[in-house]
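What you see is a predicted model, and the numbers here were worked out from it, not measured in a lab.
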Amino acid sequence: MDDVPSSPATPAPAPAPLPVLQADCANCFALCCVALPFAKSHDFAVNKPAGTPCGNLQQDFRCGIHTRLRDKGFQGCTVFDCFGAGQQVSQVTFGGRDWRTHPGTARRMFEVFPVLRQLHELLFYVSEALTLPAAAPVHADLRRALAETAEWTRADAEALVDLDVGALRQQINTLLLKTSELVRAKVPGRKKNHRGADLMGARLSGADLRGANLRGAYLIAADLTRADLRTADLIGADLRDTDLRGADLREAVFLTQPQLNAAQGDPTTRIPPTLTRPTHWT
């Protein structure tokens with residue numbers, strides 16, 4: 001009996017593409033200007049409760065003082081980044097229906113936005129971890145976490161509101177911690193551990209912080225001029241007004257655009273190629 005040729009194997013379906021992890025304000029209904037609260041402070045000139053449009057928001061969802069935010073006392077707006085969650089909520093979750101012409105969507109839209117922002121931030125961290133060769137031992141787990149989190153970004157509003165995003169963050173944080181340990185282990189010698197440390201105003205000019213653990217550290221107004229932060233873990237570090245002039249942040253682990261936007265730098269500050277030099281840096 002002749003062998004029956006086998007049918008060609010059905011290729012596995014390609015994974016769904018990730019949502020864009022950079023803000024596209026032109027395709028967002030100004031959710032950060034409405035959904036989120038802010039308090040009068042160094043970062044904001046006025047108080048604004050959650051769900052109330054900022055007084056500077058125009059009818060076309062554009063900011064009336066966008067080019068003068070820092071001069072007008074809204075530095076916090078120039079620091080914030082939604083990691084692309086704004087357009088995902090506006091165009092995917094709510095299918096392009098804006099809260100002005102469809103006021104019935106407003107409450108749910110404003111509830112969903114902070115959830116999607118956290119999911120997109122997690123996608124950013126996991127995507128970065130997958131680019132790090134030293135983290136190869138956890139890449140398989142990271143890919144599974146990436147797929148699960150990306151699937152949640154396509155869920156409907158009701159499912160997103162009920163999502164225990166804190167539990168998901170804890171699961172992924174375990175993988176990010178392992179990633180950090182694997183990457184920093186490649187740096188020879190003893191590494192500094194400043195996890196969660198109060199380093200506000202600290203004088204760390206020229207410090208060798210390669211491979212340091214700075215997760216969640218308070219570095220507000222710290223002097224990090226000419227510091228070497230290569231392969232330092234900066235996830236959650238507060239870099240508001242941190243002086244990074246001349247600092248080397250290439251290969252810094254889990255550094256985000258909002259952290260750079262909050263800091264001070266200059267043309268000699270070296271940053272990862274995936275991030276953008278803030279326009280207010282001199």
Test log, rule salt bridge (charged side-chain N to carboxylate O under 4.0 Å, His left out), inputs Arg107 and Glu111: CA-CA 6 Å; Arg107 183 177 64 85; Glu111 289 174 338; 3.2 Å; yes
Is there a path of hydrophobic side-chain contacts, each under 4.5 Å between heavy atoms of I/L/V/M/F/W/Y residues, joining [Y] to [X]?
X: Val165; Y: Tyr125; value: yes
X: Leu249; Y: Tyr218; value: no
X: Leu168; Y: Leu177; value: no
X: Phe80; Y: Phe38; value: no
X: Val161; Y: Met109; value: yes

State, yes or no, whether a side-chain contact exists between [X] and [Y] at a heavy-atom distance under 4.5 Å.
X: Val183; Y: Asp233; value: no
X: Pro19; Y: Val92; value: no
X: Phe44; Y: Cys77; value: yes
X: His194; Y: Leu204; value: no
X: Leu260; Y: Leu239; value: no
X: Val34; Y: Leu57; value: yes
X: Asp141; Y: Thr174; value: no
X: Glu181; Y: Lys178; value: yes

Do [Y] and [X] meet the salt-bridge criterion of a basic N to acidic O distance under 4.0 Å?
X: Arg230; Y: Asp228; result: yes
X: Arg203; Y: Asp223; result: no
X: Glu121; Y: Arg117; result: yes

Identify the two heavy atoms, one from [X] and one from [Y], that lie closest to each other, and give their separation to 0.1 Å.
X: Leu130; Y: Leu142; answer: CD2-CB, 3.7 Å
X: Leu146; Y: Ser127; answer: CD1-OG, 3.6 Å
X: Ala159; Y: Trp152; answer: O-CZ3, 4.0 Å
X: Ala129; Y: Ala135; answer: O-CB, 3.9 Å

Kindly say whether [Y] contributes a backbone atom to a donor-acceptor pair with the side chain of [X] at under 3.5 angstrom?
X: Thr93; Y: Ala157; result: no
X: Thr269; Y: Leu244; result: yes
X: Thr268; Y: Asp266; result: no
X: Lys192; Y: Leu214; result: no
X: His280; Y: Ala263; result: yes
X: Gln88; Y: Thr153; result: yes
X: Thr179; Y: Leu175; result: yes
X: Lys72; Y: Thr67; result: no
X: Gln259; Y: Ile235; result: no
X: His139; Y: Leu132; result: yes

When you check the side-chain N and O atoms of Thr105 and Arg97, is any donor under 3.5 Å from an acceptor?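 Short answer, no.
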Among side-chain atoms of Thr231 and Arg184, is any donor-acceptor pair under 3.5 angstrom?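 No, because no side-chain N or O of Thr231 sits under 3.5 Å from a partner of the opposite role on Arg184.
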Take atom CZ in Arg62; do more than 12 heavy atoms of anything else shown fall under 6.0 Å from it?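 No - once you tally the heavy atoms of other residues, nucleotides and ligands closer than 6.0 Å, there are 12 at most.
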Could you point out which residue of Phe61, Phe29, Phe94 forms a ring-ring contact (aromatic ring centres under 6.0 Å, His included) with Trp99?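 For Trp99, the ring-ring contact (aromatic ring centres under 6.0 Å, His included) test succeeds with only one of Phe61, Phe29, Phe94, which is Phe61.
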Decide yes or no on side-chain contact (heavy atoms from CB on, under 4.5 Å) for Leu209 and Leu224, but give the supporting numbers first. CA-CA 10 Å; Leu209 294 168; Leu224 284 170; 3.8 Å; yes
Output, in order, the C-alpha distance, side-chain angles, deciding distance and verdict of salt bridge (charged side-chain N to carboxylate O under 4.0 Å, His left out) for Arg100 and Asp98. CA-CA 6 Å; Arg100 286 198 196 276; Asp98 72 80; 5.9 Å; no
Using the rule given for side-chain contact (heavy atoms from CB on, under 4.5 Å), can you reason through Leu31 versus Cys82, listing the C-alpha separation, both sets of side-chain angles and the distance that settles it, and then say yes or no? CA-CA 9 Å; Leu31 296 183; Cys82 72; over 6 Å; no
